[in-house]
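Numbers here are sequence positions counted from 1. The figures that follow rest on heavy atoms only: side chains count, while hydrogens, waters and symmetry mates do not.
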Amino acid sequence: MQIETHPIKDQKIAEVVSDDVVISTVEDALDLLGNLYYQGFDAMIVYEKNITPTFFDLKTGLAGEILQKFSNYRVRLAIVGDFAQYQSKSIRDFILESNKAGHINFVSSRNEALDRFSR
């Protein structure tokens, strides 16, 4: 895993770059979040491929637990991926509501994530 830094305005954005799943559990997310938080990052970009598919099955509760950690630390998150593949109404509604609130964003590209963080 590698962390790329993107300074935007007076924010420090971390982009997690990896070919592997980085977040499989709430503990994985909390470890990553804590490490980046203490390094002074204000926001994080993570790719869908780096998150366990279980996250996107809302019945497991994993997404809610992980995203609550980001809210508690007040670290913004962008998850980059192709979310059209998820056909369940609940995950589509979840993505839509998250994007409206703006703290957690589901976007299609790194540039879109950086644009959201610059607002």
Participant: Just so I know, are the side chains of Ile66 and Ile23 near enough to count as touching, which here means a heavy-atom distance under 4.5 Å?
Facilitator: yes

Participant: For Ala43, is there any backbone N or O sitting under 3.5 Å from a side-chain donor or acceptor partner on Gln11?
Facilitator: no

Participant: Does any part of the side chain of Arg116, heavy atoms only, come nearer than 4.5 Å to the side chain of Asn99, both counted from C-beta?
Facilitator: yes

Participant: Say whether, by atom type as modelled, one donor and one acceptor occur between the side chain of Asn50 and the main chain of Asp20 under 3.5 angstrom.
Facilitator: yes

Participant: Check this for me: Tyr37, atom OH, are more than 12 non-hydrogen atoms of other residues, nucleotides or ligands nearer than 6.0 Å?
Facilitator: no

Participant: Which value, rounded to the nearest 0.5 Å, describes the distance between Ser98 atom OG and Ile79 atom CD1?
Facilitator: 8.0 Å

Participant: Can you tell me how far the NZ atom of Lys59 sits from the CD1 atom of Ile91, to the nearest 0.5 Å?
Facilitator: 11.5 Å

Participant: Once you measure the plane-to-plane angle for Phe56 and Phe83, does it fall in the parallel (<30°), tilted (30-60°) or perpendicular (>60°) bin?
Facilitator: tilted

Participant: If you round to the nearest 0.5 Å, how far is NE2 of His6 from CG of Asn111?
Facilitator: 9.0 Å

Participant: Shared ILVMFWY cluster between Ile45 and Leu36, side chains joined below 4.5 angstrom?
Facilitator: no

Participant: Is a donor on one side and an acceptor on the other found under 3.5 Å between the side chain of Asn35 and the backbone of Leu32?
Facilitator: no

Participant: Here's a test for you: under side chain to side chain contact (heavy atoms under 4.5 Å, CB included), which of Asp115, Asp42, Ile13 qualifies with Ile8?
Facilitator: Ile13

Participant: For Lys69, run the side chain to side chain contact (heavy atoms under 4.5 Å, CB included) check against Val75, Leu77, Leu33 and tell me which one passes.
Facilitator: Leu33

Participant: Mind checking the CD1-OH spacing from Ile95 to Tyr86? Nearest 0.5 Å is all I need.
Facilitator: 7.5 Å

Participant: Answer with yes or no whether the side chains of Asn72 and Gln68 bring together a donor and an acceptor at under 3.5 Å.
Facilitator: yes

Participant: Given 3.5 Å as the limit, does a donor-acceptor pair link the side chain of Asp28 with the main chain of Thr25, or not?
Facilitator: yes

Participant: Rounded to the nearest 0.5 Å, what's the gap from OG1 on Thr52 to CG on Leu62? Could you check?
Facilitator: 7.0 Å

Participant: Which heavy-atom pair separates Ala84 from Gln87 by the least distance, and what is that distance?
Facilitator: O-NE2, 2.7 Å

Participant: Treat each ILVMFWY residue as a node, draw an edge where side-chain heavy atoms are under 4.5 Å apart, and state whether Tyr73 and Phe117 are in one component.
Facilitator: no

Participant: How close do Ser90 and Leu58 get, heavy atom to heavy atom, and via which atoms?
Facilitator: O-CD1, 3.4 Å

Participant: Could you grab the distance from atom CZ of Phe41 to atom CD of Glu15, nearest 0.5 Å is fine?
Facilitator: 11.0 Å

Participant: Hey, any chance Phe106 and Val46 share a hydrophobic cluster, counting ILVMFWY side chains that come within less than 4.5 Å of each other, even indirectly?
Facilitator: yes

Participant: Kindly check if the number of other-residue, nucleotide or ligand heavy atoms within 6.0 Å of CZ (Arg119) is above 12?
Facilitator: yes

Participant: Side-chain heavy atoms nearer than 4.5 Å, only ILVMFWY residues, links allowed to pass through others: does that put Phe70 and Tyr47 together?
Facilitator: no

Participant: Work out which heavy atom in Asn105 is nearest to a heavy atom in Arg76; give both atom names and the distance.
Facilitator: ND2-NH2, 4.1 Å

Participant: Answer yes if Leu96 and Val107 sit in the same cluster of Ile, Leu, Val, Met, Phe, Trp and Tyr residues linked by side chain heavy atoms under 4.5 Å apart, and no otherwise.
Facilitator: no

Participant: Measure across Glu4 and Val17 and return the closest heavy-atom pair with its distance rounded to 0.1 Å.
Facilitator: OE2-CG2, 3.8 Å

Participant: When you measure from the side chain of Lys9 to the backbone N and O of Ser118, does any donor-acceptor pair fall under 3.5 Å?
Facilitator: yes

Participant: Which heavy-atom pair separates Met1 from Ser18 by the least distance, and what is that distance?
Facilitator: CA-CB, 4.1 Å

